[in-house]
**Q** 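Provided herewith is a single structure, encoded as structure tokens, for subsequent inquiry.
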Amino acid sequence: MTIINDGSNKNGTAAAVSKDQRLDVSSKANKRIFYVSRDDGRAFVWTSTFATGGSDVEVLYIKNDSTSRDLYIDSAHYSATAACVFTVQKHTGTASGTTNTGVNLNSKSSNDAEATSLGNGAVTAGTIGDTLAFLSVGAAAAENRNWNGEIILGQGDSIIITASANTTIFFSATGFYE
């Protein structure tokens, strides 16, 4: 008879087995942002919408101000009234503009986003760096991009999103802190 002992040595117990002799296991199958939102209340969305009035316009700026957590950018949802390419880039230096507060995705949580965010037609870039993604959208269309937390902003790191066309844009980015 083989016994599987608890490998974590937490309780000194054997692994649980169901009444029909199957190992009792569980897994987390949802995206990480789901658990962070539910359990920690640290998932946020940043939005920006306005008529660009030109091309190569800064749309949204997000900087991680947390001293203890990384900010993982999970996804983006974007659309425009005319065909447009959004460019997501690393950013350094100082940006300025209209404050754009991240909204907590868990309405039961009172946590605030530990971020500086600018948007809604009034972002002035500092130094734009490496390109992380091009997000293309047709006229009057909407698209999604899932990064699954692949874009990671440490303390003081930031990204900026620009739009390539004279159009009305709608851009949302979701992220979480861990």
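Throughout, numbering of the chain's residues begins at 1 and tracks the sequence.
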**Q** Distance alone, cut at 3.5 Å: any donor-acceptor contact between the side chains of Asn166 and Ser55?
**A** no
**Q** Transitively linked via ILVMFWY side-chain contacts under 4.5 Å: Phe50 with Tyr61?
**A** no
**Q** Has Ser75 got a side-chain atom pairing as donor or acceptor with Arg145's backbone, closer than 3.5 angstrom?
**A** no
**Q** Show, in sequence, the C-alpha distance, side-chain angles and deciding distance for Ser172 and Trp46, and conclude whether the side chain to side chain contact (heavy atoms under 4.5 Å, CB included) test is met.
**A** CA-CA 6 Å; Ser172 301; Trp46 293 269; over 6 Å; no
**Q** Which pair of heavy atoms, one from Ser48 and one from Gly121, lies closest together, and at what distance?
**A** OG-N, 4.4 Å
**Q** Examine distances only and state if a side-chain atom of Thr49 and a backbone atom of Ile169 form a donor-acceptor pair shorter than 3.5 Å.
**A** yes
**Q** Are Val123 and Leu60 packed together at the side-chain level, in the sense that at least one heavy-atom pair is separated by less than 4.5 angstrom?
**A** no
**Q** To the nearest 0.5 Å, how far apart are CD1 in Ile152 and CD1 in Ile73?
**A** 10.5 Å
**Q** Between atom OG of Ser109 and atom CG of Asn104, what is the distance when rounded to the nearest 0.5 Å?
**A** 4.0 Å
**Q** How about Ile161 and Ile159: do any of their side-chain heavy atoms sit closer than 4.5 Å?
**A** yes
**Q** Mind listing the closest non-hydrogen atom pair of Ser68 and Ser66 along with its distance?
**A** N-OG, 3.2 Å
**Q** So how far is it from Asp157 CG to Ile151 CD1, rounded to the nearest 0.5 Å?
**A** 12.0 Å
**Q** If you define the side chain from C-beta out and look only at heavy atoms, does anything of Leu153 sit under 4.5 Å from Lys63?
**A** no
**Q** Quick one: do Arg42 and Glu178 make a salt bridge, cutoff under 4.0 Å?
**A** no
**Q** Are Ile160 and Phe171 connected into the same hydrophobic cluster when the rule is that any two of I, L, V, M, F, W, Y join if their side-chain heavy atoms are below 4.5 Å apart?
**A** no
**Q** Quick one: do Val88 and Val45 end up in the same hydrophobic cluster if we chain Ile, Leu, Val, Met, Phe, Trp and Tyr together by side-chain heavy atoms under 4.5 Å apart?
**A** no
**Q** Any non-hydrogen side-chain atom of Phe170 less than 4.5 Å from a side-chain atom of His77?
**A** no
**Q** With a 4.5 Å heavy-atom cut-off, do Ile33 and Thr174 have their side chains touching?
**A** yes
**Q** Would you please say whether a donor-acceptor pair under 3.5 Å links the side chains of Asn106 and Ser37?
**A** no
**Q** Main chain of Lys90, side chain of Asp130: is a donor-acceptor contact present, judged purely on distance under 3.5 Å?
**A** no
**Q** Would you mind reporting whether Thr124 and Glu58 have side-chain heavy atoms less than 4.5 Å apart?
**A** no
**Q** Is Asn64 reaching over with its side chain to a backbone N or O of Gly156, donor-acceptor style, under 3.5 angstrom?
**A** no
**Q** Between Tyr177 and Tyr72, is a ring-ring contact (aromatic ring centres under 6.0 Å, His included) present by the stated rule, with each step listed?
**A** CA-CA 6 Å; Tyr177 289 90; Tyr72 296 81; 8.9 Å; no
**Q** Determine, step by step, whether Val59 and Phe86 satisfy the side chain to side chain contact (heavy atoms under 4.5 Å, CB included) criterion, reporting the C-alpha distance in whole Å, the side-chain angles of both residues, the deciding distance to 0.1 Å, and the verdict.
**A** CA-CA 9 Å; Val59 170; Phe86 294 96; 4.3 Å; yes
**Q** Tell me if a side-chain donor or acceptor on Ser164 pairs with a main-chain N or O of Val85 at a distance below 3.5 Å.
**A** yes
**Q** Within the 4.5 Å heavy-atom criterion, are Leu71 and Glu114 side-chain neighbours or not?
**A** no
**Q** Side-chain contact test, heavy atoms from C-beta onward, threshold under 4.5 Å: evaluate it for Leu135 versus Thr87 and give yes or no.
**A** no
**Q** Please test Thr116 against Asp65 for side chain to side chain donor-acceptor pair (under 3.5 Å), starting from the C-alpha separation and ending with a verdict.
**A** CA-CA 7 Å; Thr116 298; Asp65 294 332; 2.5 Å; yes
**Q** Compare every heavy atom of Thr52 with every heavy atom of Ala165, then report the nearest pair and how far apart it is.
**A** O-OG1, 2.9 Å
**Q** What closest approach, in Å, do Ala76 and Trp147 show between heavy atoms, and which atom pair accounts for it?
**A** CB-CZ3, 3.6 Å
**Q** Using a 3.5 Å distance criterion without hydrogens, assess whether the side chain of Thr131 forms a donor-acceptor pair with backbone atoms of Ala133.
**A** no
**Q** Give a yes or no answer on whether the side chain of Asn100 reaches the backbone of Thr47 with a donor-acceptor pair at less than 3.5 Å.
**A** yes
**Q** With side chain to side chain contact (heavy atoms under 4.5 Å, CB included) as the criterion, how do Tyr35 and Asn30 come out once you've worked through the C-alpha distance, each side chain's angles and the decisive distance to 0.1 Å?
**A** CA-CA 8 Å; Tyr35 298 103; Asn30 289 318; 3.7 Å; yes
**Q** List the steps and the verdict of side chain to side chain contact (heavy atoms under 4.5 Å, CB included) for Phe44 and Leu105.
**A** CA-CA 5 Å; Phe44 299 88; Leu105 293 172; 5.6 Å; no
**Q** Can you give me the closest heavy-atom contact between Cys84 and Ala163, atom names plus distance?
**A** SG-CB, 3.8 Å
**Q** Can you see which heavy atom on Ile62 is nearest to which on Ala173, and at what distance?
**A** CD1-CB, 4.1 Å
**Q** Given the rule that I, L, V, M, F, W and Y join up when any side-chain heavy atoms are under 4.5 Å apart, are Val103 and Phe176 in one cluster?
**A** yes
**Q** Can any side-chain N or O of Thr81 pair as donor or acceptor with the backbone N or O of Thr168 at less than 3.5 Å?
**A** yes
